[in-house]
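Following: one structure in structure tokens, then a few remarks.
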Amino acid sequence: MDSTISLEIIEVVEQAAIASSKWMGLGKKDEADEAAVEAMRERMNKIHMRGRIVIGEGERDEAPMLYIGEEVGICTQENAAEFCTIEELQEIDIAVDPCEGTNLVAYGQNGSMAVLAISERGGLFRAPDFYMDKLAAPPAARGHVDIRKTPTENLKILSECLNRSIEELVVVVMDRPRHKKLISEIRAAGARVRLISDGDVSAAICCGFSGTNIHALMGIGAAPEGVISAAAMRCLGGHFQGRLVYDPDEVNTPESAKWTREGNLARLKEMGIEDGDRIYNAEDLACGKEVLFAGCGITPGTLMEGVRFFSGGCRTQSLVISTQTKTARFVDTIHLTSDKPKVINLR
């Protein structure tokens with residue numbers, strides 16, 4: 001991929017975060033999400049690429065913008081010949097979550113981000129709109145912990161890999177009824193639990209950095225977000241595993257009562273997934289030769305500050321991680337909306 005794309009991708013998540021943050025605390029999650037989607041799509045269509053959304057806001061009949069299969073980038077526009085030649089085309093697959101944690105934005109809570117992952121065509125797993133059982137852990141535990149082991153066993157392994165006691169470990173779990181047994185086992189083993197209402201992409205990525213005081217993510221969340229998390233963890237060299245959840249009893253949500261185990265298995269086969277119990281690792285979910293993750297804080301989080309407005313502009317903090325450059329860059333940006341800002345916020 002052209003190295004300039006990584007710079008433009010930062011602007012994509014920045015614009016999505018800024019647009020969504022204007023709805024922060026107003027109790028309107030759909031509007032916060034829609035604003036992020038529109039801003040992300042508009043900026044993507046200015047990038048010199050032929051991009052294809054493989055994980056987006058839903059199928060075409062469900063989402064007017066950034067739907068699965070939508071093509072984005074200058075080279076997909078009707079007048080593409082004015083900007084592109086066939087030899088110049090960069091064909092890229094894109095997984096997006098323009099507002100990861102819509103409820104967090106709507107109610108002014110920490111941890112929401114605008115995120116995406118890109119790779120060359122075919123480099124990202126086209127995850128169905130299912131749930132996924134996930135396990136994320138630091139690079140030191142990569143290949144040692146295993147989602148097929150019990151939480152207690154994994155905590156013992158994690159303790160050895162990180163050279164700290166189990167009592168010093170913090171595990172992030174989504175606060176859902178389905179995790180009652182998991183939470184009890186983690187606590188019984190001696191580790192501490194940090195419950196989150198939404199936003200497990202951020203929690204997974206935090207496992208890839210020391211100093212975050214997050215040492216593992218465990219439990220069931222959305223599968224599409226699992227692919228984005230896996231892309232980031234692959235770039236960081238961290239541990240990520242996922243297993244698609246097709247049994248409604250495992251999910252235990254009001255909407256899952258409408259599903260059947262057999263129907264879900266049939267849907268997976270229609271998508272070419274023959275083994276519903278397969279364990280995917282980061283390299284399976286983000287298998288491309290080159291993978292890039294980008295995220296921008298909407299509300300304050302462990303890794304990044306949220307969008308901060310001042311008279312005449314705003315300030316964002318983003319993170320871009322790349323297998324190509326082997327870097328994790330934190331980008332602090334001031335956006336001026338006025339030629340004569342009254343103040344530029346440097347804090």
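Taking the side chain to side chain donor-acceptor pair (under 3.5 Å) definition, one finds that Arg52 meets it with Asp93, sequence neighbours left out. In terms of the side-chain contact (heavy atoms from CB on, under 4.5 Å) criterion, residue partners of Ala19 (sequence neighbours excluded) are, by chain and number, Ala35, Ala39.
Using a 4.5 Å cut-off on side-chain heavy atoms (C-beta onward), Leu155 and Val171 make contact. Looking at heavy atoms from C-beta onward, Ile74 lies out of side-chain contact with Met49 at the 4.5 angstrom threshold. Within the 4.5 Å cutoff, the side chain of Glu8 has heavy atoms near those of the Arg43 side chain. Between Asp146 and Glu153 there is no side-chain heavy-atom pair separated by less than 4.5 Å. Looking at heavy atoms from C-beta onward, Val201 lies in side-chain contact with Met113 at the 4.5 angstrom threshold. Using a 4.5 Å heavy-atom threshold, the side chains of Ser184 and Lys181 count as separate. Inter-residue side-chain proximity for Thr316 and Val13 is flagged as unmet; no heavy-atom pair is nearer than 4.5 Å. Put simply, the side chain of Phe125 reaches to within 4.5 Å of the side chain of Ile273, judged on heavy atoms.
Rounding to the nearest 0.5 angstrom, the gap separating the CG atom in Asp97 from the CD1 atom in Ile228 is 5.5 Å. The distance from atom CD of Glu31 to atom CG of Leu26, rounded to the nearest 0.5 Å, is 9.0 Å. Rounded to the nearest 0.5 angstrom, Ser20 OG and Glu100 CD are separated by 11.5 Å. Expressed to the nearest 0.5 Å, how far CD of Glu270 lies from CG of Leu265 amounts to 11.5 Å. Put simply, CZ on Arg194 and SG on Cys206 are 8.0 Å apart, with the number rounded to the nearest 0.5 Å. Atom NZ of residue Lys149 and atom CG of residue Asn154 lie 7.0 Å apart, to the nearest 0.5 angstrom.
In summary, of the residues considered (Asp247, Thr253, Leu244), a side-chain contact (heavy atoms from CB on, under 4.5 Å) with Tyr131 occurs for Thr253 alone.
Nearest heavy-atom pair across Ala117 and Leu124 is O-CD1, 3.6 Å. Closest heavy-atom contact between Ile214 and Ala203: CG2-O, 3.9 Å. In terms of heavy atoms, Ile147 sits closest to Leu135 at N-CD2, 3.6 Å. When all heavy atoms of Ile18 and Phe309 are compared, the closest pair comes out as O-CZ, 4.2 Å. Contact record, Cys314 with Val307: CB-CG1, 4.2 Å, taken as the closest heavy-atom pair. Counting all heavy atoms, side chain and backbone alike, Leu217 lies closest to Asp200 at CD2-O, 3.7 Å.
More than 12 non-hydrogen atoms from other residues, nucleotides or ligands lie less than 6.0 angstrom from CZ of Arg121. Other residues, nucleotides and ligands contribute more than 12 heavy atoms inside 6.0 Å of the CZ atom of Phe209. Around atom CD of Glu185, more than 12 heavy atoms belonging to other residues, nucleotides or ligands sit under 6.0 Å away. Around atom CE of Met174, more than 12 heavy atoms belonging to other residues, nucleotides or ligands sit under 6.0 Å away. Taking a 6.0 Å sphere around CG of Asn163, one finds it holds 12 or fewer heavy atoms contributed by other residues, nucleotides or ligands.
Linking ILVMFWY side-chain heavy atoms closer than 4.5 Å, directly or via other members, places Ile321 and Val291 in two distinct hydrophobic clusters. A chain of hydrophobic side-chain contacts below 4.5 Å, direct or via other Ile, Leu, Val, Met, Phe, Trp or Tyr residues, connects Val37 to Ile94. A continuous path of Ile, Leu, Val, Met, Phe, Trp and Tyr side chains, each step under 4.5 Å between heavy atoms, connects Ile220 with Trp259, placing both in one hydrophobic cluster. Cluster membership for Val115 and Phe330, using ILVMFWY side-chain heavy atoms within less than 4.5 angstrom, is shared.
You'll find the ring centres of Tyr246 and Phe130 outside the 6.0 Å limit.
No donor-acceptor contact under 3.5 angstrom links the side chains of Ser119 and Glu290, judged on distance only.
Side-chain atoms of Ser159 come within 3.5 Å of backbone atoms of Arg164 as a donor-acceptor pair (strictly under, hydrogens ignored). Between the side chain of Thr327 and the backbone N or O of Arg329, no donor-acceptor pair lies under 3.5 Å. The backbone N or O of Gly73 lies less than 3.5 Å from a partner atom in the side chain of Asn45, making a donor-acceptor pair. Between the side chain of Ser21 and the main chain of Met24, no donor-acceptor pair closer than 3.5 Å is present. A distance-only check finds a donor-acceptor pair linking the side chain of Lys134 to the backbone of Ala222 [under 3.5 Å]. Remark: the backbone N or O of Val251 is paired with a side-chain donor or acceptor of Arg178 at under 3.5 angstrom. Within the 3.5 Å criterion, the main-chain N or O of Leu158 finds no donor-acceptor partner in the side chain of His215. Remark: side-chain polar atoms of Asp284 are paired, donor with acceptor, to backbone N or O of Asn281 under 3.5 angstrom.
In summary, Glu305 and Arg315 do not engage in a salt bridge, as defined by a charged side-chain N under 4.0 Å from a carboxylate O. Between Glu250 and Arg243 there is a salt bridge, since at least one side-chain N of the basic residue sits less than 4.0 Å from a carboxylate O of the acidic one. Under 4.0 Å is where a charged nitrogen must lie from a carboxylate oxygen, and between Glu168 and Arg192 no such pair does. A salt bridge links Arg176 with Asp198: at least one charged nitrogen is closer than 4.0 Å to a carboxylate oxygen.
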Yes or no on salt bridge (charged side-chain N to carboxylate O under 4.0 Å, His left out) for Arg41 and Glu70, after CA distance, side-chain angles and deciding distance? CA-CA 10 Å; Arg41 184 175 186 261; Glu70 179 176 355; 2.5 Å; yes
Kindly indicate, with the supporting measurements, whether the criterion salt bridge (charged side-chain N to carboxylate O under 4.0 Å, His left out) is fulfilled by Arg261 and Asp249. CA-CA 9 Å; Arg261 187 175 186 274; Asp249 292 339; over 6 Å; no
Checking salt bridge (charged side-chain N to carboxylate O under 4.0 Å, His left out) for the pair Lys289/Glu120: CA distance, chi angles, key distance, verdict? CA-CA 7 Å; Lys289 181 181 178 181; Glu120 68 270 13; over 6 Å; no
Could you pull out every donor-acceptor pair under 3.5 Å between side chains of residues 229-239 and any protein atom, sequence neighbours left out?
| unit_1 | atom_1 | unit_2 | atom_2 | d |
| --- | --- | --- | --- | --- |
| Ser229 | OG | Glu225 | O | 3.0 |
| Arg234 | NH1 | Ala286 | O | 2.8 |
| Arg234 | NH1 | Gly288 | O | 2.4 |
| Arg234 | NH2 | Gly288 | O | 3.1 |
| His239 | ND1 | Gly143 | N | 3.2 |
| His239 | NE2 | Gln241 | OE1 | 2.9 |

